[in-house]
Amino acid sequence: DMDAEARVAAFDEAPIANGPFQIVGEWNHNVEIVTEYYPDYAGFDFPHAAGIIFQIYADENTAYNDLLAGNLDVMDNIPSEQVPNAAADFGDDYQTSSQTSFTYLGFPSYLPELTLDIRRALSMAIDRDLINGTVLNGAFFSAKSVIPPSLPGYREYVCDNWEYDPVAAKELFDAAGGWTGPMTMWFNSGSGHDVWVEAVSNMWRETLGIEEFVFEQLPFSEYLPVIDAQEITGPFRLGWGMDYPSPQNFLEPLFASYNAAPVGSNNAIYNSAEFDAALAKGNAAAVDGLDAALPDYQAAEDILCADVPAAPIYFRQNHFAHSG
């Protein structure tokens with residue numbers, strides 16, 4: 001018999017779940033995951049395919065080219081730079097749909113130079129509408145909140161810290177002492193983040209006067225361990241997708257003190273007793289239904305906006321196509 005640790009390791013390489021497909025062999029890292037129909041599947045949504053092969057790409061543009069060439073059947077995350085071409089390339093086989101995941105820049109609490117006023121200035125110096133309308137070809141939606149537009153409790157305006165105000169940003173930045181030396185920006189490679197991260201750095205250069213930037217980009221499999229080890233040395237890019245339709249799912253996993261990485265997904269290592277208390281109050285009220293919890297969840301979001309442990313950048317939209 002394997003011990004518990006060995007069983008967990010084996011599950012990581014060949015997981016067993018409850019869906020209509022089962023893995024064939026093991027996860028072929030950085031290449032593919034092959035699955036086949038599971039004959040004893042007990043569900044009702046029987047598949048029309050004998051199996052699915054999940055191709056793993058280091059760069060999403062390579063995947064797009066494979067889709068164009070017919071070497072990939074379905075792609076559910078068309079790169080934003082290809083969005084202007086997708087309708088012409090695929091016609092009716094290209095579609096869009098809404099989703100709730102969002103992308104943000106996190107500010108690690110363990111970096112003393114990222115003071116509250118510096119974080120506020122950095123956030124207010126980001127023109128999210130310009131990034132999403134121009135740099136990302138209108139593929140997504142500007143994020144000025146952490147609660148997505150499709151969920152109850154969403155507000156277009158939360159507080160000034162997540163709005164674009166270059167004049168106020170510069171005043172705050174200078175009063176806080178500015179920035180010494182290069183600023184390091186961290187993001188995962190191969191997913192098109194270099195374009196908008198560079199745009200943010202240009203805004204910070206022009207609005208705040210930060211002169212030098214260093215870009216640290218790693219494959220996602222290498223990126224997360226660096227975050228978990230608290231070895232990030234500047235603002236970092238991450239995102240979050242919904243597990244269940246509640247604002248709580250965008251508040252507690254990402255910002256509750258007891259979910260600090262590596263245990264959870266609070267990767268900024270944000271720690272606020274006031275936020276935790278507002279969140280707990282909302283969770284208690286949710287027993288009577290989500291509507292009862294919304295004021296407390298919004299109060300928790302107000303605290304986040306005041307403290308700026310992260311700067312929301314955009315809410316995603318699905319752009320997907322199949323090769324015919």
Side-chain angles (χ1 to χ4, degrees), residues 15 17 19-24 27-38 43 45-104 128-143 148-151 187-199 217 219-221 223 237-243 245 312-324:
F21 298 101
Q22 63 182 348
I23 194 167
V24 178
W27 170 14
N28 188 357
H29 289 263
N30 300 318
V31 179
E32 64 183 12
I33 297 173
V34 179
T35 69
E36 64 184 2
Y37 175 63
Y38 176 57
D45 49 341
F46 291 99
H48 297 284
I52 298 175
I53 299 173
F54 296 92
Q55 300 278 20
I56 302 170
Y57 291 90
D59 190 295
E60 58 185 6
N61 281 294
T62 306
Y64 189 81
N65 289 333
D66 269 2
L67 190 70
L68 274 172
N71 299 324
L72 185 67
D73 296 319
V74 179
M75 186 176 185
D76 64 357
N77 56 338
I78 301 294
S80 60
E81 64 195 88
Q82 300 291 356
V83 164
N85 310 318
D89 286 344
F90 294 101
D92 291 341
D93 293 338
Y94 161 69
Q95 299 287 330
T96 64
S97 64
S98 63
Q99 63 155 288
T100 57
S101 70
F102 86 116
T103 286
Y104 64 91
R128 295 158 175 83
D129 292 340
L130 181 63
I131 286 173
N132 292 292
T134 304
V135 179
L136 297 176
N137 296 306
F140 306 132
F141 304 101
S142 299
S150 58
L151 288 185
F187 58 96
N188 54 296
S189 60
S191 298
H193 299 302
D194 51 330
V195 179
W196 69 261
V197 169
E198 186 174 346
Q217 51 181 314
F220 206 62
S221 59
Y223 185 59
R237 175 271 156 193
L238 264 184
W240 185 256
M242 186 175 73
D243 300 302
I313 304 296
Y314 59 80
F315 293 108
R316 293 188 67 90
Q317 181 179 216
N318 293 316
H319 292 264
F320 56 96
H322 60 90
S323 56

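Because only heavy atoms are used, hydrogens play no part in the values below, and waters and symmetry mates are left out as well, while side chains stay in.
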All side-chain hydrogen bond (donor to acceptor under 3.5 Å, both in side chains) counterparts of [X], not counting sequence neighbours:
| X | result |
| --- | --- |
| Tyr94 | His319 |
| Asp93 | His322 |
| Asp76 | none |
| Asp45 | Tyr41 |

For residues [X] and [Y], report the shortest heavy-atom separation together with the two atoms involved.
| X | Y | result |
| --- | --- | --- |
| Phe140 | Phe315 | CB-O, 3.1 Å |
| Pro79 | Glu60 | CB-OE2, 3.4 Å |
| Gln95 | Asp92 | NE2-O, 2.9 Å |
| Glu32 | Ile56 | N-CD1, 3.7 Å |
| Trp27 | Ile23 | N-CD1, 3.8 Å |
| Phe21 | Pro47 | CZ-CB, 3.4 Å |

_Let's go through Val135 and Glu198 carefully: what are the C-alpha distance in whole Å and the side-chain angles of both, what is the deciding distance for side-chain contact (heavy atoms from CB on, under 4.5 Å) to 0.1 Å, and is it a yes or a no?_
CA-CA 10 Å; Val135 179; Glu198 186 174 346; over 6 Å; no

If the condition is side chain to side chain contact (heavy atoms under 4.5 Å, CB included), which residues does [X] pass it with, not counting sequence neighbours?
| X | result |
| --- | --- |
| His48 | none |
| Asn65 | Leu68 |
| Pro84 | Asn137 |
| Tyr57 | Gln55, Thr62, Ala63, Asp66, Leu72 |

*Evaluate the criterion side-chain contact (heavy atoms from CB on, under 4.5 Å) for residue pair Val74 and Phe320; output intermediate values, then yes/no.*
CA-CA 7 Å; Val74 179; Phe320 56 96; 5.7 Å; no

Taking only distance into account, with no hydrogens and no angle test, what donor-acceptor pairs under 3.5 Å do side-chain atoms of residues 187-195 form with protein atoms, sequence neighbours excluded?
residue	atom	partner	partner atom	Å
Asn188	OD1	Arg237	NH1	2.8
Ser189	OG	Leu218	O	3.3
His193	ND1	Trp196	NE1	3.0
His193	NE2	Arg237	NE	3.3

[Y] side chain reached by [X] side chain, heavy atoms, under 4.5 Å:
| X | Y | value |
| --- | --- | --- |
| Asn132 | Phe141 | no |
| Tyr37 | Phe46 | yes |
| Met242 | Leu151 | yes |

Quick one: list whatever passes ring pair (Phe, Tyr, Trp, His ring centres under 6.0 Å) with [X], sequence neighbours left out.
| X | answer |
| --- | --- |
| Tyr38 | none |
| Tyr223 | none |
| Phe90 | Tyr64 |

_Check against side-chain contact (heavy atoms from CB on, under 4.5 Å), Ile78 and Thr96_ = CA-CA 10 Å; Ile78 301 294; Thr96 64; over 6 Å; no

*asked:* Quick check for you: to the nearest 0.5 Å, what is the distance between Asp89 atom CG and Asn85 atom CG?
replied: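 The CG atom of Asp89 sits 5.5 Å away from the CG atom of Asn85.
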
*Could you state the interatomic distance from CG (Leu67) to OG (Ser323), rounded to the nearest 0.5 Å?*
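Taking CG in Leu67 and OG in Ser323, the distance rounds to 5.5 Å.
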
*For Ser101 and Arg316, indicate whether the former's side chain and the latter's backbone hold a donor-acceptor pair under 3.5 Å.*
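No; judged by distance alone, with no hydrogens or angles, the pair does not exist.
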
*Would you find a donor on one side and an acceptor on the other, under 3.5 Å apart, between the side chain of Thr103 and the backbone of Ile313?*
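Here the side-chain-to-backbone pair does not exist.
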
